[in-house]
Amino acid sequence: MAVKIAITGFGGRMGRALAEALMLAKEAELSAAIVRPGSSLVGADAGEVAGLGRNGIAIVDRLEKSEFDVLIDFSAPQATVENAAYCAAQNRPIVIGTTGFDAGQKTAVLSHSDKIPLCLASNFSTGVNLCFKLLETAARVMGEDADIEVVEAHHRHKVDAPSGTALSMGEVVAETLGRDLDKVAIYGREGQTGARERDTIGFATVRGGDVVGEHTVMFLAEGERVEISHRASSRLSFARGAVRAALWLAGEEGSARAPGYYDMRDVLGLN
């Protein structure tokens with residue numbers, strides 16, 4: 001029996017990509033499509049909005065009007081806080097791809113992981129999560145002898161910077177090296193900044209056009225440098241990973257995974 005999956009943020013680019021990913025998945029099906037209250041998409045056929053043909057599922061503006069086994073949430077920070085609370089009250093797993101949380105919002109979301117299985121990741125791409133593993137190795141081997149810089153690029157519509165994925169990459173490197181990213185991160189440079197301090201991790205952000213997502217971490221040592229890069233050409237890579245995470249949380253034969261805080265590396269068996 002197919003796992004019923006609801007999608008919030010359905011009116012956005014990722015919502016449409018998730019609908020396509022669900023159409024390609026044999027073990028899952030779209031059961032509900034949710035948009036923000038007051039959206040002009042309310043009542044429209046979800047399949048038509050996603051460009052996949054009519055599927056008979058009317059778009060709604062309230063999660064309470066939906067039936068689902070797992071929720072996939074790519075919406076906005078405060079909406080995700082509320083959606084996570086609802087899922088916890090209904091004992092439903094949730095997959096979260098929303099980025100841009102402040103510390104209080106993230107704490108509120110994760111507080112529900114003692115009640116339900118919750119998968120929160122800055123990026124659900126298989127390739128990006130492989131990069132996280134490669135970054136651990138690079139940091140162990142080169143990190144103490146190299147300057148480390150993170151460069152990311154996204155489309156003009158992205159509202160948070162640096163990207164959640166870039167921050168996660170920085171966190172992986174900092175944790176491997178025993179550093180506190182909050183203390184060593186440098187977000188952009190201007191003017192007379194002085195010589196670079198070795199322990200810092202720099203971030204540079206590019207916004208423009210229709211770039212889906214590009215990330216490069218550079219380890220710059222004397223006489224050589226190593227770059228670990230990932231470039232996404234389609235949002236479908238993120239969407240298929242999120243569906244994979246939803247199925248993983250749902251478990252086998254309708255038995256959901258144990259409550260807890262998981263990320264995509266858990267789903268892929270990389271942790």
Side-chain angles (χ1 to χ4, degrees), residues 7-21 35-36 39-41 49-52 72-80 96-102 105-106 120-132 134-135 138 146-174 181-182 184-193 196 200-220 225-242 264:
I7 297 172
T8 61
F10 195 83
R13 295 172 180 81
M14 272 305 301
R16 294 175 173 86
L18 285 163
E20 183 177 354
V35 294
R36 68 180 184 278
S39 169
S40 61
L41 296 176
V49 169
L52 303 172
I72 299 179
D73 188 324
F74 280 75
S75 55
Q78 188 54 43
T80 299
I96 299 172
T98 304
T99 59
F101 294 110
D102 62 31
Q105 290 169 328
K106 187 170 183 179
L120 170 64
S122 59
N123 195 304
F124 284 91
S125 156
T126 300
V128 162
N129 283 276
L130 175 59
C131 284
F132 290 150
L134 296 174
L135 287 169
D147 298 320
I148 302 165
E149 297 285 317
V150 183
V151 182
E152 61 100 343
H154 281 84
H155 52 87
R156 65 167 65 92
H157 302 290
K158 188 167 179 60
V159 297
D160 57 310
S163 70
T165 299
L167 291 172
S168 292
M169 288 177 164
E171 287 169 358
V172 168
V173 172
L181 187 63
D182 289 337
V184 302
I186 302 294
Y187 300 108
R189 298 180 177 92
E190 181 181 5
Q192 297 295 322
T193 61
R196 189 190 197 284
T200 58
I201 298 175
F203 291 83
T205 297
V206 176
R207 291 288 178 268
D210 60 355
V211 179
V212 174
E214 297 184 1
H215 297 85
T216 296
V217 181
M218 295 182 283
F219 295 82
L220 302 111
R225 77 183 187 199
V226 170
E227 297 184 0
I228 295 175
S229 297
H230 180 271
R231 293 176 175 82
S233 58
S234 168
R235 290 180 180 81
L236 191 58
S237 63
F238 311 138
R240 296 185 79 161
M264 193 59 184

*asked:* For S234, is there any backbone N or O sitting under 3.5 Å from a side-chain donor or acceptor partner on S237?
replied: yes

Open item on the list: If you define the side chain from C-beta out and look only at heavy atoms, does anything of M169 sit under 4.5 Å from L135?
Closed with: yes

- Query: Would you say the side chain of V173 lies within less than 4.5 Å of the side chain of I201, judging by non-hydrogen atoms?
  - Reply: yes

Notebook entry, point to check: Hey, does F219 have a side-chain heavy atom less than 4.5 Å from the side chain of R225?
Noted result: no

- Centroid-centroid under 6.0 Å between F124 and F238 rings: no

inquiry  = Checking V212 against R231 for the side chain to side chain contact (heavy atoms under 4.5 Å, CB included) test, could you report, in this order, the C-alpha distance in whole Å, the side-chain angles of both residues, the deciding distance, and whether it holds?
reply    = CA-CA 8 Å; V212 174; R231 293 176 175 82; over 6 Å; no

The complete set of salt bridge (charged side-chain N to carboxylate O under 4.0 Å, His left out) pairs with one or both residues in residues 160-169, sequence neighbours excluded, reads K158-D160

Closest heavy-atom pair, V35 versus S39, reported as atoms and distance to 0.1 Å, is CG2-CB, 3.6 Å

Do K106 and L120 have side chains that get closer than 4.5 Å, going by heavy atoms? yes

The reported gap from OG1 in T99 to CG in L167 (rounded to nearest 0.5 angstrom) is 9.0 Å

So CG of L181 and CD of E171: to nearest 0.5 Å the spacing works out to 6.0 Å

Between the CG atom in N129 and the CG atom in N123, the distance rounded to the nearest 0.5 Å is 6.5 Å

All heavy atoms of A161 vs all of T205, minimum pair found to be CB-CG2, 3.9 Å

Rounding to 0.5 Å, atoms NE2 (H230) and CG (L134) come to a distance of 11.0 Å

- G164 backbone acceptor or donor facing S168 side chain under 3.5 Å: yes

**Study point:** Stepwise side chain to side chain contact (heavy atoms under 4.5 Å, CB included) test for I148 and M218
**Key:** CA-CA 6 Å; I148 302 165; M218 295 182 283; over 6 Å; no

Query raised in the report: Just wondering, are more than 12 heavy atoms of other shown residues or ligands nearer than 6.0 Å to CZ in R240?
Result: no

Output for pair (R16 CZ, L52 CG), nearest 0.5 Å, gives 10.5 Å

- Task: Decide if atom CZ of R13 counts as having more than 12 heavy atoms of other residues, nucleotides or ligands within a radius under 6.0 Å.
- Result: yes

For L18 and A242, the nearest pair of non-hydrogen atoms, with its separation, is CD2-CB, 3.9 Å

Indicate whether the side chain of S163 and that of H215 have a donor and an acceptor atom separated by less than 3.5 Å.
yes

| request: Report the C-alpha distance between L41 and F10 in whole Å, list the side-chain angles of each, state the deciding distance to 0.1 Å, and finish with yes or no for side chain to side chain contact (heavy atoms under 4.5 Å, CB included). | output: CA-CA 9 Å; L41 296 176; F10 195 83; 5.8 Å; no

* Asked: Can any side-chain N or O of D73 pair as donor or acceptor with the backbone N or O of G97 at less than 3.5 Å?
  -> no

Original post:
Counting heavy atoms not belonging to D102, are there more than 12 under 6.0 Å from its CG?
Top reply: yes

Backbone N/O of A76 and side chain of T80: donor-acceptor pair under 3.5 Å | yes

Note to self: Between R207 and E152, does the salt bridge (Lys or Arg N to Asp or Glu O under 4.0 Å) criterion hold? Intermediate values first, please.
What the structure shows: CA-CA 9 Å; R207 291 288 178 268; E152 61 100 343; 2.8 Å; yes

Closest heavy-atom pair, T98 versus P77, reported as atoms and distance to 0.1 Å, is CG2-N, 3.6 Å

Check your understanding: Does the side chain to side chain contact (heavy atoms under 4.5 Å, CB included) test come out yes or no for I186 and F203, once each step is laid out?
Key -> CA-CA 6 Å; I186 302 294; F203 291 83; over 6 Å; no

Taking every heavy atom of A50 against every heavy atom of A19, the minimum-distance pair comes out as CB-CB, 3.8 Å

Look at atom CZ of R196 and say whether more than 12 heavy atoms of other residues, nucleotides or ligands are closer to it than 6.0 Å.
yes

